[in-house]
Amino acid sequence: MIYLKDEAIVLQTVQVGDKDLSITVYLKNLGKENIYIKGGQIIKNPFLPVVQEFNWFKAVLIKYKEKIFIKEIDKSYNLAVKISQNLDSYFTASKILENFDKYTTFPDKKIFNLMKKTFYFLPHAKNTDLFYTAFLVKYIYLQGIFPSFGRCIKCNTKIYQQNFGCFFIKNRGSLCKNCCKSKKTEFTYQDIVFISRLFKTKYSKLTNLKLNHKNLKFLNQKLNNYLKSNFL
Ligand SMILES: [Zn+2]
């Protein structure tokens, strides 16, 4: 039997029979794990309010025969209630979890911290589409697959407005006017500037960004495709 201290984000809570719960968590040190909570559905169970989707907690865990159990919860932050109070933020949180679940395969402390911040700031977001785009950009960066925006992927020339040729997702980077063979582009120069700005902007400062709403839906879809294409 091993005791370990770790931080967790609850990804899913499933009822087992009438009394027990099985939760899936992302642990800061161990990554994705299942935890079985005997009697977890019983109202008096002290873990019940803590182990809801999107919540963060810090706990002493027991590892026994490759299974993980909670010994005690030291600290917790209830985001489930805050996120679920507003439909927009709930749907956004679900989309974020879906992406995270699909593409996060290893333990990664930086991705853990991003998820913790993401669910913490989401209930305060004024524009959930913008918030979602910001998440995608930050997540793509931490996955190590951030596209090369600033330099031409063929000749390495620095890209600025005048010499920008095109950007296609399949290329994973910009091409300068000399190297781009196409008259079309998937992202405009303005899109690229916007994405770079989003990357640098903290969640708490997002409202300061100027944006075009139509563009946001388009960018979300493209960034989702970008993520997908890197994991095929
Ligand atoms: Zn070039």
Side-chain angles (χ1 to χ4, degrees), residues 26 31 91-93 95-119 121-122 125-232:
Y26 191 63
F91 284 134
T92 307
K95 275 196 290 186
I96 288 170
L97 261 196
E98 203 184 302
N99 275 302
F100 169 83
D101 210 35
K102 233 189 264 174
Y103 304 117
T104 312
T105 40
F106 298 103
D108 186 313
K109 284 179 188 166
K110 283 185 180 159
I111 289 185
F112 179 90
N113 288 333
L114 172 68
M115 294 307 286
K116 187 174 157 186
K117 268 187 213 157
T118 300
F119 291 140
F121 283 104
L122 175 60
K126 292 216 169 75
N127 180 337
T128 49
D129 280 336
L130 176 67
F131 190 89
Y132 182 57
T133 321
F135 164 75
L136 286 174
V137 171
K138 290 169 199 294
Y139 184 69
I140 285 170
Y141 175 78
L142 289 183
Q143 284 285 2
I145 51 172
F146 202 68
S148 162
F149 285 132
R151 286 192 179 272
C152 173
I153 48 165
K154 218 166 173 187
C155 72
N156 207 33
T157 293
K158 203 166 183 241
I159 298 280
Y160 46 95
Q161 193 156 16
Q162 281 74 26
N163 74 347
F164 173 77
C166 53
F167 180 99
F168 288 98
I169 282 176
K170 64 173 195 310
N171 295 338
R172 300 180 189 186
S174 312
L175 285 166
C176 72
K177 259 184 188 157
N178 290 332
C179 300
C180 175
K181 300 278 176 273
S182 166
K183 282 191 178 132
K184 286 182 188 160
T185 181
E186 218 168 342
F187 283 171
T188 62
Y189 184 75
Q190 281 68 33
D191 289 338
I192 285 173
V193 170
F194 182 67
I195 292 173
S196 308
R197 233 173 249 161
L198 261 187
F199 170 65
K200 285 183 198 141
T201 308
K202 287 181 178 170
Y203 281 137
S204 56
K205 301 270 188 281
L206 277 181
T207 36
N208 302 345
L209 281 185
K210 275 187 192 150
L211 60 116
N212 169 337
H213 282 262
K214 268 186 201 156
N215 218 17
L216 216 46
K217 290 236 182 318
F218 163 83
L219 281 183
N220 279 345
Q221 201 188 1
K222 290 291 180 190
L223 289 170
N224 258 314
N225 292 347
Y226 182 80
L227 251 178
K228 211 189 275 172
S229 72
N230 271 281
F231 284 91
L232 284 178

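What you are looking at is a predicted structure, and each value in this text was computed from that prediction instead of being measured. Both ligands and their constituent atoms are indexed starting at 1 by order of listing.
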Cystine candidate Cys179-Cys155, SG separation under 2.5 Å: no
Tyr26-Phe100 aromatic ring centre distance below 6.0 Å: yes
With the Zn ion (ligand 1) as the apex, the SG/SG angle for Cys176 and Cys155 - to 10°: 110°
Cys152 SG and Cys179 SG subtending at the Zn ion (ligand 1) (10° steps): 110°
Geometric class of the Phe187/Phe218 ring pair [parallel <30°, tilted 30-60°, perpendicular >60°]: perpendicular
Short side-chain donor-acceptor distance under 3.5 Å, Tyr139 and Thr104: yes
Any N, O or S atom of Cys180 closer than 2.8 Å to the Zn ion (ligand 1): no
